[in-house]
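Below, each value reflects all heavy atoms present in this structure, side chains not excepted, and no hydrogens, waters or symmetry copies.
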Amino acid sequence: LPVSSIRSLAFVDSTTGFATFKDSGNYSIYKTLNGGSTWNPTTLADQSKELFVVMRSNSDGWALEYDGSKIYGTSDGFNTYTTYNFSGLTLKDISIYGSSAYFSGTSGFLGVASNPQSTPSTFQTTPVVDWTSIAPDKSGGVFLSSSTDVYHLTTPGAVGLDLDFPQPSGLMADLCAQDSNTVLVAGHWSVTTLTRDKGATWETILPAEYENYTYYGCHFIDEHHLFL
């Protein structure tokens, strides 16, 4: 690896991937064409804010400036990129499903991008809260989490449904969706809390011996398997 700290990772196939590395306090996106054996820097480099990267193909993708206000879109694997600045907002998370990227931030901010070279569509959600994580539900809607709650929106502009998340506030780090009913919340003190019925019931999927772990991310492979 180019440096010791990797912050975000997006592989589009078995050989081509993109990653954010931290070096000397700054963040840069690197690219590999050989499954990670070697990495080369892209032009999106030496940024003061952490970058979350998602890719829909070898060439098309986006990067979000975590705790910043900028989204970067590329159509050539970050050889070049276009900057979209959402001044006055603090961006928190980005996720991708199909051909679109979804991103969230403070003050009820929700964005959807379908073309890296066009300005993303933006929405203000109801309720208006500071969203920390976002997960597309694979049916055109999204799940969103704040520090205390989990909501489902059937479309980006719809009124949110509170899913009555049962855990104490401040424990959530990420969420991922399998479909419009099934979402997993992962986080601090081994929070791995799953609903299969859009919040009517919740279950913990890992036993107590894992209670000292923090899970910063999750990803469904299919309805029976996932990564933490």
Engineer: Just by distance, do the side chain of T106 and the backbone of T90 share a donor-acceptor pair under 3.5 Å?
Structural biologist: yes
Engineer: Within a reach of under 6.0 Å around OH of Y213, are more than 12 heavy atoms found that belong to other residues, nucleotides or ligands?
Structural biologist: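 No, because the 6.0 Å sphere around OH of Y213 holds 12 heavy atoms or fewer from other groups.
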Engineer: Grab the two heavy atoms, one from P136 and one from Y97, that are nearest each other, plus how far apart they are.
Structural biologist: CB-CB, 3.7 Å
Engineer: Is a donor on one side and an acceptor on the other found under 3.5 Å between the side chain of T195 and the backbone of V183?
Structural biologist: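 Between the backbone of V183 and the side chain of T195 there is no qualifying donor-acceptor contact (under 3.5 Å).
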Engineer: Which of these passes salt bridge (Lys or Arg N to Asp or Glu O under 4.0 Å) with E50: K22, K92, R7, K70?
Structural biologist: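 Output: one option passes, namely R7.
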Engineer: Over all heavy atoms of both residues, which pair between V53 and T20 is shortest? Give the atoms and the distance, please.
Structural biologist: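 In this case the closest contact between V53 and T20 is CG1-OG1, 4.1 Å.
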Engineer: Give the minimum heavy-atom separation between W39 and L9, together with the two atoms involved.
Structural biologist: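 The answer is CH2-CD1, 4.1 Å.
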Engineer: For S145, does its backbone N or O pair with a side-chain atom of T132 as donor and acceptor, under 3.5 Å?
Structural biologist: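 The answer is yes, because a donor-acceptor pair under 3.5 Å joins these two groups.
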Engineer: Taking D174 for the side chain and A186 for the main chain, is one N or O donor matched with an acceptor at less than 3.5 Å?
Structural biologist: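 Answer holds: no.
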Engineer: Would you check if the side chain of T42 reaches a backbone N or O of Y30 as a donor-acceptor pair within less than 3.5 Å?
Structural biologist: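 Here the side-chain-to-backbone pair does not exist.
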Engineer: Tell me if a side-chain donor or acceptor on R56 pairs with a main-chain N or O of A101 at a distance below 3.5 Å.
Structural biologist: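 Between the backbone of A101 and the side chain of R56 there is no qualifying donor-acceptor contact (under 3.5 Å).
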Engineer: Taking G141's backbone N and O only, do any of them form a donor-acceptor pair with S139's side chain (distance below 3.5 Å, no angle check)?
Structural biologist: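 No; judged by distance alone, with no hydrogens or angles, the pair does not exist.
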Engineer: Do we see a donor-acceptor contact under 3.5 Å between the side chains of D93 and S104?
Structural biologist: no
Engineer: Indicate whether any N or O donor in one side chain lies under 3.5 Å from an N or O acceptor in the other, for D13 and T15.
Structural biologist: yes
Engineer: Check K31 against T16 and note the closest heavy-atom contact, atom names and distance.
Structural biologist: CE-CG2, 4.2 Å
Engineer: Flag the pair E223 and R196 as a salt bridge only when some basic side-chain nitrogen lies within less than 4.0 angstrom of an acidic carboxylate oxygen.
Structural biologist: no
Engineer: Using the rule that Ile, Leu, Val, Met, Phe, Trp and Tyr join whenever any side-chain heavy atoms are under 4.5 Å apart, tell me whether L163 and L144 fall into a single cluster.
Structural biologist: no
Engineer: With a 4.5 Å cut-off on side-chain heavy atoms, are L194 and L184 touching?
Structural biologist: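 Yes. Closest side-chain heavy atoms under 4.5 Å.
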Engineer: Is there a donor-acceptor pair under 3.5 Å between the side chain of D130 and the backbone N or O of S107?
Structural biologist: yes
Engineer: Output yes when a side-chain donor or acceptor of T43 lies under 3.5 Å from a complementary backbone atom of N79, and no otherwise.
Structural biologist: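 Yes.
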Engineer: Using side chain to side chain donor-acceptor pair (under 3.5 Å), reason through T74 and D76 one step at a time and then give a plain yes or no.
Structural biologist: CA-CA 6 Å; T74 183; D76 58 11; 3.0 Å; yes
Engineer: Answer whether the closest heavy-atom distance between the side chains of F123 and V112 falls below 4.5 Å.
Structural biologist: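 Yes. Closest side-chain heavy atoms under 4.5 Å.
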Engineer: So which atom in G77 and which in F18 form the shortest heavy-atom distance, rounded to 0.1 Å?
Structural biologist: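 Nearest pair, atom of G77 first, then F18: O-CE2, 3.4 Å.
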Engineer: Please answer whether the main-chain N or O of P127 pairs with a side-chain N or O of T125 as donor and acceptor at a distance below 3.5 Å.
Structural biologist: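 Answer holds: yes.
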Engineer: T32: what forms a side-chain hydrogen bond (donor to acceptor under 3.5 Å, both in side chains) with it, not counting sequence neighbours?
Structural biologist: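 Applying side-chain hydrogen bond (donor to acceptor under 3.5 Å, both in side chains) to T32 gives N34.
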Engineer: Linking Ile, Leu, Val, Met, Phe, Trp and Tyr through side-chain heavy atoms less than 4.5 Å apart, which residues share a cluster with I96?
Structural biologist: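 Cluster partners of I96: F52, V54, W62, L64, Y66, I71, Y84, F86, L89, L91, I94, F103, F109.
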Engineer: Evaluate side-chain contact (heavy atoms from CB on, under 4.5 Å) for L110 paired with L153, printing each intermediate quantity in order.
Structural biologist: CA-CA 11 Å; L110 168 61; L153 282 65; 4.2 Å; yes
Engineer: Dump the intermediate steps for side chain to side chain donor-acceptor pair (under 3.5 Å) on S75 and S59, then the final yes or no.
Structural biologist: CA-CA 5 Å; S75 294; S59 56; over 6 Å; no
Engineer: Sequence neighbours left out, what passes ring-ring contact (aromatic ring centres under 6.0 Å, His included) with Y81? Give chain and number order.
Structural biologist: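 Checked Y81 against ring-ring contact (aromatic ring centres under 6.0 Å, His included); matches are Y72.
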